[in-house]
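The next block holds one structure in the form of structure tokens; read it before the comments.
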Amino acid sequence: MKIFTTKQEISAYFTYKSGKTIGFVPTMGALHNGHISLIKQAQQNSTEVVCSIFVNPTQFNDPKDLEKYPRPIAADIAMLEQAGCDVLFNPQVNEMYVDNEKWHLDIGDMEHLLEGKFRPGHYQGVMQVVNKLFNIVKPDVAFFGQKDYQQFLVISKMVELLKMPVKMVMCPIQRESDGLAMSSRNVHLTADDRLHALILSKALNWVKDNFNTENIASLKLQAEQMVSSEPGIELEYFEIVDGNTLYPATASTKNIVALVAARAGKTRLIDNVLIN
Ligand code: AMP
């Protein structure tokens with residue numbers, strides 16, 4: 001695997017490699033099998049797979065979260081080598097940003113719903129870095145996880161508004177055998193947190209399983225109660241929404257998604273399930 005840390009290196013490499021279909025998997029590292037499933041999917045849909053590892057400061061609204069974000073770069077490189085990834089782009093912050101750089105793209109309400117309410121500014125930071133990464137890597141296809149469902153919609157909106165020539169692909173959520181969605185933040189869970197955190201996927205699956213027998217308001221209320229009554233879990237939101245707009249779903253909505261965010265101890269977790 002080629003490892004590049006500068007924009008110049010990567011653009012020189014792809015000038016030489018012109019004619020390839022570039023599949024791109026942007027990450028913040030601390031890789032797990034969820035990330036690797038994206039690399040595998042990219043390998044099936046492109047001739048050259050690029051992964052980026054960059055812990056993007058502008059998308060963290062909590063400085064402590066940024067500081068303690070895991071950065072096991074040697075283990076990450078070993079996992080990518082093992083998966084057969086072609087290129088790793090692993091820049092430093094000063095390669096990506098100049099001081100006091102401004103960014104804003106109006107994508108409407110979506111930015112302020114769900115995650116946006118709890119993490120103000122987060123999606124502007126996400127768009128800012130993905131816009132830069134797309135301009136550097138120039139992928140034909142980009143692979144993102146359903147795990148960050150709202151992020152996929154936000155980036156797709158940016159691609160549409162800026163007319164970026166990138167095809168967006170959403171890949172399914174990879175879970176541990178007990179249902180917990182894989183996440184780089186799971187390493188921060190204590191054994192107790194880890195056990196209680198299972199209520200997130202349980203509540204989501206319960207909503208999916210009961211969707212045809214109960215109304216949406218009652219499902220939402222009961223799911224909120226399930227999560228809130230679990231010891232050590234602090235619910236932020238449980239929403240059942242239209243998967244295109246993220247507005248509350250109604251009985252006639254075609255593409256429904258249930259999403260949850262909660263803290264397990266000190267660790268913030270998100271998860272979701274596609275209902276129909
Ligand atoms: P992150 O490193 O957390 O920014 O994630 C990088 C990419 O991996 C994003 O597109 C995530 O949605 C995706 N991802 C994270 N966790 C999972 C998972 N459990 N299953 C599938 N994709 C995931």
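Order of listing sets the numbers, starting from 1, for every ligand and every atom in it.
The aromatic rings of Y13 and F4 sit tilted, their planes meeting at an angle between 30° and 60°. Ring planes of Y69 and F60: perpendicular class, angle over 60° (limits at 30 and 60°).
Closest protein heavy atom to atom 11 (C) of ligand 1: D148 OD2, 3.0 Å. When hydrogens are left out, the protein atom nearest atom 23 (C) of ligand 1 is K147 CB, 4.0 Å; that is the closest non-hydrogen contact.
Remark: ligand 1 and Q174 share an N or O pair separated by less than 3.5 Å (distance only, no angle test). Ligand 1 has no N or O atom lying under 3.5 Å from any N or O atom of F143, backbone or side chain. At a 3.5 angstrom cut-off on N or O pairs, S37 does not count as close to ligand 1. When only interatomic distances are considered, the shortest N/O to N/O separation between M28 and ligand 1 falls below 3.5 Å.
At a heavy-atom cutoff of 4.0 Å, ligand 1 is contacted by the backbone of P172 but not by its side chain. With a 4.0 Å heavy-atom cut-off, ligand 1 is reached by no atom of Q146. Under 4.0 Å from ligand 1, the heavy atoms of H35 that appear belong solely to its side chain. Under 4.0 angstrom from ligand 1, the non-hydrogen atoms of P26 all belong to its backbone.
A side-chain N or O of Q222 and one of S218 form a donor-acceptor pair less than 3.5 Å apart. A donor-acceptor contact under 3.5 angstrom links the side chains of E9 and T6, judged on distance only.
Heavy-atom proximity to G145, at under 4.0 Å, picks out these atoms of ligand 1: 9 (C), 10 (O), 11 (C), 12 (O), 13 (C), 22 (N). Residue-ligand proximity, M182 to ligand 1, at heavy-atom distances under 4.0 Å covers atoms 16 (N), 17 (C), 18 (C), 19 (N). Proximity to T27 (heavy-atom distance under 4.0 Å) selects the following atoms of ligand 1: 2 (O), 6 (C). In summary, the atoms of ligand 1 found under 4.0 Å from a heavy atom of G34, numbered by their order in the structure, are 18 (C), 20 (N), 21 (C), 22 (N). Every atom of ligand 1 is numbered from 1 in the order shown, and the set under 4.0 Å from a heavy atom of L38 is 7 (C), 8 (O), 10 (O), 13 (C), 22 (N). Proximity to F144 (heavy-atom distance under 4.0 Å) selects the following atoms of ligand 1: 10 (O).
Using a 4.0 Å cut-off between charged nitrogen and carboxylate oxygen, D178 and R194 count as a salt-bridge pair. Taking 4.0 Å as the cut-off between side-chain N and carboxylate O, D65 and R185 count as a salt-bridged pair. A salt bridge links R268 and E236; the closest N-O separation between the charged side-chain nitrogens and carboxylate oxygens is under 4.0 Å.
Note on residues 175-228: no pairs pass ring-ring contact (aromatic ring centres under 6.0 Å, His included), not counting sequence neighbours.
None of E115, E224, K117 except one satisfies the side chain to side chain donor-acceptor pair (under 3.5 Å) rule with Y237; the exception is E115.
Not one N or O on the side chain of N255 forms a donor-acceptor pair closer than 3.5 Å with the backbone of D242.
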